Amino acid sequence: MRAVERCCATARPGPANDYIASEGTVGILEGKKALIFGVANHRSIAWGIAKALHAEGCETGFTYVGEAVAKWVRPLAESVGGRFVLPCDVASDEQIAAVYAEVEKTWGRFDILIHSIAFARLEDLRAGLLHTTREGFHLAMDVSAYSLLAITRPAVPLFNEGGSILTMTYHGSTKVMPGYNVMGVAKAALEANVRYLAYELGGQGIRVNAISAGPIRTLASSAVDGFKSMLKSAAETTPLRRNVTQDEVGSSAVYLCSPWASGVTGEVLYVDAGASITGAIPPSA
Ligand code: NAD
Ligand code: 0WE
């Protein structure tokens, strides 16, 4: 069953409230299988992506980290018929290996890999880049950038023809966003990972892309100092004069993971209400 809460807002401007699947057609991802890393709760960007993939007929399987979030992830996964919900700290090669053993047992081969994971120590984000410790730098790079390689490597032999990998990034990778600090460095590495992986895996028909999302209130972002006021000012200054939603990231994810984007790889697609194109804020803001 494709459980899609349909949006009633097709005729009015503004953000999509939920993923809008095409009515009465076969889903573009019918028969595909997606392994999704990074759902913590219903606000997670990975959940916006999961709902959208499901609405297009894709089967899903989930990983999570920490028993604290398991109680949120399990019912969410169940609501989209998720085939499995497995623990996985991406800093652990053993846990990654255990996930892929289960993926192979359940699915054999699969089609789509979603990486929606980032972590840096709050004290490092607060201290600024100059004062980030060696350990804090390594942790942020390991969990937020290296992990894409770590979860892609065992996925490669399991991919069906036309496989697609998608990760989540932020504009702080290429422009200075006050407070983003070590995460900006990690996202720069992540985006370079996307390009080199796209080059290395292209010959096997596997595409690798990133979505650079505008600020969205989630578990991770809410913990960032001043995030609420950042959201408010972004909503007043983006070309669309609003922020983006998890569901809008979800529909762009469907595109990138589908045959509609069969010629797109190594790309960073901005889903940010246009924020990254601006050179100055509008005079009215
Ligand atoms: P979120 O808190 O819902 O998701 C972050 C996920 O990372 C969580 O599920 C968390 O459990 C997971 N994670 C952290 N450490 C991990 C580890 N060691 N092993 C496995 N998983 C781990 O927040 P979100 O905003 O949905 O973040 C998802 C992605 O989107 C991140 O890469 C983030 O950088 C990116 N992003 C977020 C925003 C935003 O404003 N929210 C904007 C652009 C990009
Ligand atoms: O990637 C992110 C946030 C990632 C993140 C958040 C936290 C908070 C809790 C990574 N690690 C941690 N560690 C914690 O302990 N975003 C894109 C959201 C975000 O963070 C910002 C932003 C935006 C947007 C920080 C400063 C400026 C803008």
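Whatever order the structure lists them in is the order used to number ligands and atoms, beginning at 1. The model shown is predicted, which means the values in this text are computed figures rather than measured ones. Numbers for residues simply follow the sequence, beginning at 1.
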* **Shortest protein heavy-atom distance from atom 28 (C) of ligand 2, along with the residue and atom involved** => Met230 SD, 3.2 Å

* Based purely on interatomic distance, does Tyr170 place a nitrogen or oxygen under 3.5 Å from a nitrogen or oxygen of ligand 2? -> no

* Is the closest N or O pair between Ile117 and ligand 1 shorter than 3.5 Å? -> yes

* Specify the protein heavy atom at minimum distance from atom 6 (C) of ligand 2: its residue, its atom name, and the distance to 0.1 Å. => Ala220 O, 3.5 Å

* **Test of proximity, Thr218 against ligand 1: N or O pairs below 3.5 Å** => yes

* Asked: Is any side-chain N of the basic residue among Arg126 and Glu123 closer than 4.0 Å to the acidic one's carboxylate O?
  -> no

* Hey, does Ala91 come in under 3.5 Å of ligand 1, counting only N/O atoms on both sides? -> no

* Numbered atoms and elements of ligand 2 in range of Ser221, under 4.0 angstrom, heavy atoms -> 18 (C)

* Would you please indicate yes or no on a ring centroid separation below 6.0 angstrom for Phe62 and Phe84? => no

* Please state whether Gly214 comes within less than 4.0 angstrom of ligand 1, counting heavy atoms only. => yes

* Would you find a donor on one side and an acceptor on the other, under 3.5 Å apart, between the side chain of Ser144 and the backbone of Phe119? -> yes

* Asked: Relative to the heavy atoms of Ala220, which atoms of ligand 1 are at a distance of less than 4.0 Å?
  -> 2 (O), 23 (O)

* Asked: Atoms of ligand 2 less than 4.0 Å from Ala223 heavy atoms?
  -> 8 (C), 9 (C)

* Asked: Taking the inter-plane angle between the rings of His171 and Tyr270 on a 0 to 90° scale, is it parallel (under 30°), tilted (30 to 60°) or perpendicular (over 60°)?
  -> perpendicular

* Polar-atom distance check: Asp89 versus ligand 1, any N or O pair below 3.5 Å? -> yes

* **Distance-only N or O hit between ligand 1 and Thr169, under 3.5 Å** => no

* Backbone or side-chain N or O of Phe227 under 3.5 Å from ligand 1 N or O -> no

* Quick one: nearest non-hydrogen protein atom to atom 25 (C) of ligand 2, plus distance? -> Val224 CG1, 3.3 Å

* Asked: Of all the heavy atoms in Pro178, does at least one lie under 4.0 Å from an atom in ligand 2?
  -> yes

* Any donor and acceptor pair, going by atom type alone, linking the side chain of Arg207 with main-chain N or O of Ala261 inside 3.5 Å? -> yes

* Asked: With only distance considered, is Gly38 within less than 3.5 Å of ligand 1 through an N or O on each side?
  -> yes

* From Met168, Met230, Lys187, His115 - option closest to atom 30 (O) of ligand 1 by heavy atom -> Met168

* Asked: Would one find an N or O of Ala213, backbone or side chain, under 3.5 Å from an N or O of ligand 1?
  -> no

* Asked: Quick one: does Val39 get within less than 4.0 Å of ligand 1, heavy atoms only?
  -> yes

* **Heavy-atom nearest neighbour of atom 5 (C) of ligand 1 within options Gly66, Ser116, Ser44** => Ser116

